[in-house]
Amino acid sequence: MSSSDEHWIRSYGRDQFPHVLVVLGFALYPILLGVLNRTPLASEASAFLPGLTFMIIVLYMGLFAISFDFISGYTGYLSFGHAAFYGTGAYFVVLAANGQVPGVPEGTPFMITMLLGATLAFVVALAIGAVSFRLTGVYFAMLTLGFAQVMYEFIRHWGYVSSNPTEGATIPSGADMSIGVPFVDSLNFAVGRLSGDSFENVLGVGIDVSATMTSYYALGIVVLLSYFVMQRIIHSPFGKVMIAIRENEERARAVGYNVFWYKMGAFATSAFFAAIAGALFAAYAGGASPDNSFYFLVTADALIMAIIGGIGTLAGPLFGALFHEWFEDILSTESDGLSTYLEQLLPESVLTAEVAGLTINDFIGTFLDGRAPLYLGIIFVLFVLFVPNGLLGSIRDRLGGTVSKRLPATLERYRR
Amino acid sequence: MSVLELEDVHTYYGESHVLQGVSLDVEEQEIVALIGRNGVGKTTTLRSILQLTPPQEGTIRYRGEEIVGKDTHEVSNDGIGWVPEERRMFGYLTVEENIRVAVKPDDDFEAQREYVYSLFPALDEFSEKEARNLSGGQQQMLAIARGMVGQNELLLVDEPSEGLAPMIVDQVVDALETASEDTTMILVEQNFPLAMELADRFYLIDHGTVVESGSTEGVTADDERIRRYLSA
């Protein structure tokens, strides 16, 4: 691989080159966006590039989709009830912030409640897995879905959560939702859609860091760490057994593995990280409701992201999430999407021109504004039919191995 | 003491009664061939031994110990290896990872790897390649290698020559002969001359029971008792 006299940081950096590139891309993106906003291309940038609020969704939904891929893509067991773990993480931190979790005093740092919530999800997954892993294939998927729906219905009518449990619960405005090192104030950054920390004139170089930006970077670090842990597990002997189970479970048993416990371990681990994603979401959004956490369509989003990004690639679902959210952003008017851009660009006479009884303006409103789910559905179908391995999976097949391993060698070949 | 003894084994797939009282035994260091037409229960016999399709009646003793009712991974850890039909690699793992997965946790991986690569130098060459990208012959070698690394004392080999070009079959035969120096083997093989060449003894199976058995010495396909069962 690499010569032994090379410094380990250099050889590690080269082996991880694609990872470094992606992390740099995410880290520099808000700065790029800020620079573009001061150029004449500002309106194009806000129309065609995902805004920072959408990039934050990319982070926590990306992590959720990665955790879904960890179990579904690597052991071949589709966890259709994965939203149950996302919801567990989200509700745990919300209830803890309200002092409603027995044994967890009000004011416990978010980092700790997040890990406690993830541990709870780990245990819940062991319970669900103990029953569900008795079956395989579509029956396993249906059982996990069933368990998740039971939890969804329960949480929807659980009066303990709030006075109106169908609407969910919110984090009280005074609660400190900070990401960082617990109990060290200077190493904590409050996150939240409106309530996060903001910094002006950072390091005296004239850069202002908005609350959104703080949340973006803080969430990004947790997502990166979580990804790194899952990636290390996949590359460990445990991960190889997970892949062996996916490829041929009978054969894995005949090689001498008690596959039941490997599946349980993988399932619980993926639930742990799904709960981390849910906790990040709740902290950022300032609350959680049954429909945006425990509901089965939340799992469906992760499934779409995983299929588009590449199932069984671990990092792929993050790119699937990026694609998904980028699409949502440009087709909505929430932060100046495509329709706003067209309305500003096209002259009034064109907008009011009638084609077959519809004005162009009506046409934009009907077919573009907020219609992302429609097109995403179509794109999902096209991906399943024509790009079944997804974005990253297809690149992987072209390179003949995992992208992080093979890309540097392939690029090296072109440089000569 | 026999390495393996099957006594009146009955195995079902759902309602279908596939093994209808198979009895056979395998002695130390020999290669025993199971022959017979398609669908008579040869593969099911191997699956019954591995407890992948557990028998409903009868006993299977491995080194004197009853293994019916054990879990497949326990049978495997007792020292019974499997080279399944159609090879069935872990396609997305590299050659080396395929071997690593097959090495038991308390075994010395490095030593096992060296052992396998010394038997099959071709595998060393492709150690970083994902198994799904190997040719049929290379996959079969990897399958045999994987069956051998678990320090298995009994190897169940299912249709090793199926779908391979004649030249590749020769390599596989060499590989099996090398492997048989260290392990006892049960070989399921459609290719009758090949089975007779490799094996010391044979069991002819028809309709889920053993109908003929004996030494392979001098047995040809023209033999009346063989022809009756093998000709379509």
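In what follows, every chain begins at residue 1, and chains take the letters A, B, ... in the order their sequences are listed. Here the structure is a predicted model, which means the values were calculated and not measured.
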- Message: Below 4.5 Å, heavy-atom pairs only: which of B:Arg100, B:Gln51, B:Glu130 has the largest tally toward chain A?
- Response: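 Highest number of pairs under 4.5 Å: B:Glu130.
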- Message: Tell me whether A:Arg251 contacts the main-chain N or O of B:Trp82 through its side chain, where contact means a donor paired with an acceptor under 3.5 Å.
- Response: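 Indeed, once roles are kept as given, a pair shorter than 3.5 Å links the two residues.
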- Message: For B:Ala102, is there any backbone N or O sitting under 3.5 Å from a side-chain donor or acceptor partner on A:Tyr257?
- Response: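 Checking the backbone N and O of B:Ala102 against the side chain of A:Tyr257, no donor-acceptor pair under 3.5 Å is found.
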Indicate the atoms forming the closest heavy-atom contact of [X] with [Y], along with that distance.
X: A:Ala254; Y: B:Ser76; result: O-OG, 2.9 Å
X: B:Tyr92; Y: A:Ile243; result: CB-CG2, 4.3 Å
X: B:Phe90; Y: A:Asn248; result: CE2-O, 3.6 Å

- Are B:Arg132 and A:Glu247 ion-paired here, with the side-chain N under 4.0 Å from a carboxylate O?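 Looking at A:Glu247 together with B:Arg132, the answer is no, because their closest N to O distance does not fall below 4.0 Å.
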- Would you call B:Glu74 and A:Arg253 a salt bridge, using N to O less than 4.0 angstrom?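 A salt bridge is absent here (no side-chain N lies under 4.0 Å from a carboxylate O).
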- Message: Quick check for you: to the nearest 0.5 Å, what is the distance between A:Tyr262 atom OH and B:His73 atom NE2?
- Response: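 Taking OH in A:Tyr262 and NE2 in B:His73, the distance rounds to 10.0 Å.
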- Run the numbers on B:Leu93 and A:Lys240 for side-chain contact (heavy atoms from CB on, under 4.5 Å), then give the verdict. CA-CA 7 Å; B:Leu93 297 183; A:Lys240 301 304 167 199; 3.7 Å; yes
- For B:Val103, is it the side chain, the backbone, both, or neither that has a heavy atom closer than 4.5 Å to a heavy atom of chain A?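 The answer is the backbone of B:Val103.
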- Item | chain A contact via B:Val75 - which portion, at a heavy-atom distance below 4.5 Å |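 When you check distances to chain A, no heavy atom of B:Val75 falls under 4.5 Å.
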